Asks: 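Quick one: the structure is below, and I'll ask about it shortly.
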Amino acid sequence: MKNILFLQCSPHGETSLGTQVAREVIERLRDAYPGVSVVVRDLAAEPLAPIAGDYAMAITGSRAFDDPAFSCSETLIAELERCDFLLVGTPMHNFTVPAALKLWIDYVLRIGRTFAGTPEGKVGLLKDRPALVLVRSGGVCTGPFARQPDFLTPYLRHALATIGIADTDFHYLEGVAPDAGQLAAFRRSVAASRALRSFHGESV
Ligand SMILES: Cc1cc2nc3c(=O)[nH]c(=O)nc-3n(C[C@H](O)[C@H](O)[C@H](O)COP(=O)(O)O)c2cc1C
């Protein structure tokens, strides 16, 4: 059975256009793979607890994975390990990922658990799998008309690659109020995305 993990990061919930398109992706996958399991981790509606001292101490110590300090981290990592397809719906907040998603990263990137520290640098310990990232921004953040830096894409790409998820595919819906043409183009680019083709086993 196929498993999908959806990280919902918009504080706008169901009114978020990014979330709406992500949900359409999930519906199409449900049609294509009856019985598919979908875990929705709504990082905006149910925010993770800020990183506390115990966790900060634990990640640099040699505690067992079942230590209570790791319980949130282990839950999130297990959700990720189980999935065959990672779907992230995220707004851009101040040129990068929203704080809600940053916290997820802080719990999931764990030395000795999801990546190994080596003399050559960090090496991911999770298996690669397609990851589709739908980015919503109020301004333009890609291409020649961008008037702001995009730290979201390189940062999230690097964070996921650090733990072994190198197959990341980013798609953007830009502007405060995208018109019907922009929304249709976004839907088309998502439907034809490398991540979805890879998940379907098509050559990419
Ligand atoms: C705290 C905050 C910071 C934001 N920072 C940016 C930004 O740096 N660049 C940008 O283009 N839009 C920025 N926006 C606008 C959001 O990206 C925009 O509202 C987007 O449409 C939200 O998508 P959503 O409806 O899926 O949540 C920001 C919004 C908030 C609430």
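Each ligand, and each atom within it, is numbered from 1 in the order the structure gives. From a predicted model like this one, the values you see are computed outputs, not experimental measurements. FYI, the numbering just counts along the sequence from 1.
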Asks: Mark up the atoms of ligand 1 that fall under 4.0 Å of a heavy atom belonging to P91, in ascending order.
Replies: 22 (C), 23 (O), 27 (O)
Asks: What atoms of ligand 1 come within less than 4.0 Å of a heavy atom belonging to S16?
Replies: 24 (P), 25 (O), 26 (O)
Asks: For F95, counting its heavy atoms only, list the atoms of ligand 1 lying under 4.0 Å from any of them.
Replies: 7 (C), 8 (O)
Asks: Do any N/O atoms on V140 end up under 3.5 angstrom from N/O atoms on ligand 1?
Replies: no
Asks: What protein heavy atom sits nearest atom 27 (O) of ligand 1, and how far off is it?
Replies: S10 OG, 2.4 Å
Asks: Is the F70 ring parallel, tilted or perpendicular to the F65 ring (thresholds 30°, 60°)?
Replies: perpendicular
Asks: State the atoms of ligand 1, each with its element, that fall below the 4.0 Å cut-off from a heavy-atom position in G139.
Replies: 10 (C), 11 (O), 12 (N)
Asks: Name the closest protein heavy atom to atom 23 (O) of ligand 1, giving the residue it belongs to and the distance to 0.1 Å.
Replies: R136 CG, 3.1 Å
Asks: I need the W104 CH2 to L80 CG distance, nearest 0.5 Å.
Replies: 4.5 Å
Asks: For a ring-ring contact (aromatic ring centres under 6.0 Å, His included) check, start with the C-alpha distance between H158 and F151, then their side-chain angles and the critical distance, and finish with the verdict.
Replies: CA-CA 11 Å; H158 187 79; F151 297 117; over 10 Å; no
Asks: Judging by distance only, is a nitrogen or oxygen of T19 under 3.5 angstrom from one on ligand 1?
Replies: no
Asks: Closest heavy-atom contact between L87 and A22?
Replies: CD2-O, 3.6 Å
Asks: Can you give me the closest heavy-atom contact between A195 and P130, atom names plus distance?
Replies: O-CB, 3.5 Å
Asks: Check K127 against C83 and note the closest heavy-atom contact, atom names and distance.
Replies: NZ-O, 4.1 Å
Asks: Output yes when a side-chain donor or acceptor of R129 lies under 3.5 Å from a complementary backbone atom of I165, and no otherwise.
Replies: no
Asks: Do me a favour and list the nearest non-hydrogen protein atom to atom 2 (C) of ligand 1 with residue, atom name and distance?
Replies: H93 CD2, 3.5 Å
Asks: With a cutoff of 4.0 Å, is N94 in contact with ligand 1, counting heavy atoms of the residue only?
Replies: yes
Asks: By the definition side-chain hydrogen bond (donor to acceptor under 3.5 Å, both in side chains), identify the one residue from K2, R28, H200 that meets it with Y33.
Replies: H200
Asks: Specify side chain, backbone, both or neither for Q148, according to which of its non-hydrogen atoms lie closer than 4.0 Å to ligand 1.
Replies: side chain
Asks: Identify, for atom 12 (N) of ligand 1, the protein heavy atom at the shortest distance, and state residue, atom and that distance.
Replies: G138 N, 3.1 Å
Asks: Is a side-chain N or O of N3 found less than 3.5 angstrom from the main chain of D84, in a donor-acceptor match?
Replies: no
Asks: Among M92, H12, E174, which one has a heavy atom closest to atom 16 (C) of ligand 1?
Replies: M92
